[in-house]
Structures are given as C-alpha cells and as structure tokens.
Amino acid sequence: RLLRMFRILKYIFSFLQSDLSWADDSRFQGFMMCVIGFNSITFALQADLPDLIQWSYVNGIFLAVYTFELIVRLRHWRCRFFCHRVDWAWNWLDFAIVVGLMMDLWLAPVLQFWHHVSGQTATE
C-alpha cells in the first residue's frame, strides 16, 4: 500500500511539473466541444428515459472529464484563470458549473450515506 501511495504521489508531482500548454490547443478545445455536444445528447436521452440506473454513471464520467479539464486549465493558467483577458467570464462559468456538479453528484451522495450510517435524518 505504501508503494502504491508513492506511485500516486509520483504521478501527481509529474503532473504538477508538466507543460500544460496543450490545454489551449485547438484540438483539445475541439475535443471538449465534442464532449459537451455528446453530453447534450445524453441529456436529451435522459429526459426521455429517466429510469435507467446507468445515467448516474454516465453523468459521473462526464463530470470526471470536466473536472480534469478544469484542473488542467487551472494548473496551466493559475490565478490568471479567473482574470483572463478574454475568457474570464467563461472560466468563472465553467468553474461554477463544475463545482456545483461536484457537490451534486459526488458530495451529496457521500453526505446522504453519512446521515444513513450515523442514523440521522436529512432534516436534523
């Protein structure tokens, strides 16, 4: 287990030291536009077929991709991400959407599980 943790720390350290200028490349931006388009299609399908259990997994995958993009862009631009000369409004919107989705899809189930395990109701 300790070796596994060192390996993860090695990957995190190499990520923090790497050149992330490809985040501004048109190919990466095009890929993210395709992901957003595909996500829009899944929203439409989810509205027609809301009872499928797989939607939570699909939404989690999309959120992981969006979180990765946000982390890469934050790492590349650092504090300038929030005051970028051209894209500051889009960057703030991306940040708010991703953080809101993280709280909805990842944090809410954890809190719900915690309340269930501890015997508390959601209104306490």
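Under the 4.5 Å side-chain criterion, counting only non-hydrogen atoms from C-beta, Phe31 is in contact with Val35. Within the 4.5 Å cutoff, the side chain of His76 has no heavy atoms near those of the Phe81 side chain.
In this structure, Leu3 places its CG atom where only 12 or fewer heavy-atom neighbours from other residues, nucleotides or ligands lie under 6.0 Å away. Within a 6.0 Å sphere centred on CD of Gln46, heavy atoms belonging to other residues, nucleotides or ligands number more than 12. Within 6.0 Å of atom NE2 in His116, 12 or fewer heavy atoms from other residues, nucleotides or ligands are found, so the atom counts as exposed in its surroundings. Environment of CH2 in Trp88: sparse, with no more than 12 heavy atoms of neighbouring residues, nucleotides or ligands closer than 6.0 Å.
For the pair Leu105 and Gly60, the tightest heavy-atom approach, listed with the atom from each and the gap, is CD1-N, 4.5 Å. Counting all heavy atoms, side chain and backbone alike, Val98 lies closest to Leu63 at O-CD1, 4.0 Å.
Note: Phe95 and Phe82 meet the aromatic proximity criterion, with ring centroids under 6.0 Å apart.
Between Asp94 and Arg73, at least one side-chain N (NZ, or NE/NH1/NH2) sits under 4.0 Å from a carboxylate O, which counts as a salt bridge.
Taking the six-membered ring where the residue is Trp, Trp22 and Phe68 present parallel rings, their angle staying beneath 30° rather than reaching 60°.
Checked by atom type, the side-chain pair Trp77/Asn91 shows no donor-acceptor distance below 3.5 Å. Side-chain atoms of Ser56 and Asn59 include no donor-acceptor pair closer than 3.5 Å.
Atom CG of Asp24 sits about 6.5 Å away from atom NE2 of His84, to the nearest 0.5 Å.
Placement of Phe43 and Ile36 in two distinct hydrophobic clusters is found when ILVMFWY residues are connected by side-chain heavy-atom separations under 4.5 Å, directly or transitively.
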